[in-house]
Amino acid sequence: LTPPCTDARAASLWLNDDAVRSAIHAAPKQVIGEWTLCSNHLFYTRVVPSLIPTHKSLTQKHGLRALIYSGDHDMAVPHTGSEVWTSTKLDAPETAPWRPWMVASQVAGYVVDYGSLSYATVKGAGHMVPTNKPKESLTMFKRFLDGEP
Amino acid sequence: KQNDLIDAVPGFDGELPSKHYGGYIPVGTSGKRLYYYFVEAETDPSEAPVVLWLNGGPGCSSFDGFVYEHGPFNFRLADTKAGQGVKLTLNSYAWNKVANMLFLDSPAGVGLSYSEAGPRDYRTDDLVTAADAEEFLRKWFTRYTQFQSSRFFISGESYAGMYVPNLARAVVEGNEDGAEPYINIEGYLIGNAVTDTEVDGNALPLFAAGKSLISQAQYDTLWKRCDGGNFWNASAGCECDELLDDLVDAVSALNVYDVLEPCYLGPNYDDGEEDQDDEGEGWAKVQGAAKKKKQARLNSLQKALKSHGRKWPVVGSALPRVGERVHNWHTLG
């Protein structure tokens, strides 16, 4: 219901408050039960073993822009894996080399471009990057949306 | 759409800085109802892009993003006369500063989304999830016609490394097949994205060695015994598998989601029933231990810096004034 090491009390209290449910037009607890951070109702099957061919198709055939980013202190989906597939499995040339990206004159992480797909790290962030690095995350998000380096 | 407009949010005092909407959109034919919370951009929503956010799991609610990551509010537990409550203040770094943010609980059975058909609809997979989310999106853009020409992005993290590209593909292919309304998708972004069984499965040992959570010698042995770094599909009971178990043991006390952060309630806590008193006590203990550890780290940092004869500013000391030159200050970047 709650992943290890995670404090979900604020969200649980708020989303299980009848007044909140009513205010945000969500179904009441009497109908759909308690809100939990992660569901134990789901019986989910992973049927796609790899999304790398999909990334290639979306960015190289359909012209979408993509940003893959990693908080570099996350051990659940470590940056070491994302760096490997973005650098060696996309069959895309490196169009801008590995370099630091900055926020307020500080190194916020590193970034490398493979055509329309960029891979970036966020230094000192964990799995939930905006939680740990809110300012850097908003800056990264805005630059990506605006098509800036 | 007007029925979904949110007038006020409990816990937050004041006027909302932009329009908020929340409600359900039905998908499929069996009674699935997907819940969304939409926060308009604080400046010029008609020009700002629309960005869908999906948390992962699979099975985790996108209110994780809304409450803890980049939503419009900061949430804080507060003691009230009636007990514990939640106070909301505006988040200076909310992503809706620059985009119209659409938080979706997906698939049905997650967060506030559900099915009138009950649990039989909670059996799902990657492709059904993508198809339902695409249907949701086209219906959402039908409800919010003013955003149909807006630039559109899909975002998420973790297992959304599966959700996001699958949904982007469904949207692109739907557009090509003439599905209405056309969705003006421009791109996507994903944090710490689950992507590939083999690559993701091989990532942990290198991470652990790179962060010095295990020794280089332990990593080198692993590499050799695991067929040159082929960690992900080790046969049970083989030497590689046993060494991987050792690695997992070595890092198991850490917070898997952030090796720098304390672990709330401990990594092996699996009690789904919440007990506020126990949680409070546990949290206090964890906080106390974290404080001691932090002080110990600071002490050792100060000793190390003294031994190098440098006057580095350290946490808690006075920061330099504007214009004041501090030896090596800039290298701290």
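Fair warning: this is a prediction, and the values are worked out from it, not measured in the lab. Convention: sequence-line order gives letters A, B, ...; per-chain numbering from 1.
Using a 4.5 Å cut-off on side-chain heavy atoms (C-beta onward), W95(B) and L138(A) make contact. Side-chain atoms of K211(B) and M75(A), non-hydrogen and from C-beta on, never get closer than 4.5 Å to each other. Taking the side chain as every heavy atom from C-beta outward, Y163(B) and L51(A) never approach each other to under 4.5 Å. Y122(B) has its side chain out of reach of S39(A): every pair of non-hydrogen atoms, C-beta onward, lies at least 4.5 Å apart. When side chains are defined from C-beta on, V77(A) does not count as touching E157(B), because their heavy atoms never get closer than 4.5 Å.
In this structure, chain B has no heavy atom under 4.5 Å from any part of A120(A). Residue H55(A) touches chain B through both its backbone and its side chain, counting heavy-atom pairs closer than 4.5 Å. Proximity to chain B (any heavy atom under 4.5 Å) is shown, for I24(A), by both the backbone and the side chain. At a 4.5 Å heavy-atom cutoff, the contact between Y35(B) and chain A is made by side-chain atoms alone. Residue contact with chain B, scored on non-hydrogen atoms closer than 4.5 Å, involves the side chain of N132(A) exclusively. When heavy atoms are compared at a cutoff of 4.5 Å, I32(A) approaches chain B solely by way of its side chain, counted from C-beta outward.
Remark: side-chain polar atoms of Y68(B) are paired, donor with acceptor, to backbone N or O of A11(A) under 3.5 angstrom. Under a 3.5 Å cut-off, the side chain of H41(A) and the backbone N or O of G109(B) do not form any donor-acceptor pair. In terms of modelled atom types and a separation under 3.5 Å, the side chain of T45(A) and the main chain of D125(B) share no donor-acceptor contact. A donor-acceptor pair under 3.5 Å links the side-chain atoms of W14(A) to the main chain of P10(B), judged by distance alone. Of the possible donor and acceptor atoms, one in the side chain of H25(A) sits under 3.5 Å from a partner among the backbone N and O of G22(B). Judged by distance alone, the side chain of N192(B) and the main-chain N or O of G71(A) form a donor-acceptor pair under 3.5 Å.
The choice from G147(A), P78(A), S82(A) that makes the most heavy-atom pairs within less than 4.5 Å of chain B is P78(A). By number of non-hydrogen pairs under 4.5 angstrom with chain A, the leading residue of T129(B), N202(B), D200(B) is T129(B). With chain B as partner, the option from H73(A), E34(A), H62(A), M128(A) having the largest number of non-hydrogen pairs under 4.5 angstrom is H73(A). Of the residues considered (K142(A), K89(A), M140(A)), K142(A) shows the highest number of contacts with chain B, using heavy-atom pairs under 4.5 Å. Interface check for chain A: of the options P107(B), C60(B), G187(B), S158(B), the most heavy-atom pairs under 4.5 Å are formed by C60(B). When each of V84(A), D72(A), V31(A) is checked for heavy-atom pairs under 4.5 Å with chain B, D72(A) comes out on top. When the candidates V194(B), V98(B), V67(B), V128(B) are compared by the number of heavy-atom contacts under 4.5 Å with chain A, V98(B) comes out ahead. Contact count versus chain B (heavy atoms, under 4.5 Å) is highest, among Y44(A), F43(A), W35(A), for Y44(A).
When all heavy atoms of E69(B) and V129(A) are compared, the closest pair comes out as OE1-N, 4.3 Å. Closest of all the heavy-atom pairs between P4(A) and Y257(B) is O-CE1, 3.4 Å. The two residues T59(A) and Y188(B) make their nearest non-hydrogen contact at CG2-OH, 3.6 Å. Contact record, F141(A) with M101(B): CZ-SD, 3.8 Å, taken as the closest heavy-atom pair. Across every non-hydrogen atom of D74(A) and V256(B), the tightest pair is OD1-O, 3.4 Å. Taking both residues in full, the closest heavy atoms of L58(A) and A168(B) are given as CD1-CB, 3.7 Å, listed atom of the first, atom of the second, then distance.
Side-chain contact of D196(B) with S50(A): a donor-acceptor pair under 3.5 Å is present, judged by distance alone.
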Determine, step by step, whether V48(A) and N166(B) satisfy the side-chain contact (heavy atoms from CB on, under 4.5 Å) criterion, reporting the C-alpha distance in whole Å, the side-chain angles of both residues, the deciding distance to 0.1 Å, and the verdict. CA-CA 9 Å; V48(A) 182; N166(B) 282 328; 4.2 Å; yes
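More than 12 heavy atoms of other residues, nucleotides or ligands sit less than 6.0 Å from atom CZ of R46(A).
Separation of atoms CD1 (I68(A)) and CG (L189(B)) is listed at 8.0 Å; rounding is to 0.5 Å.
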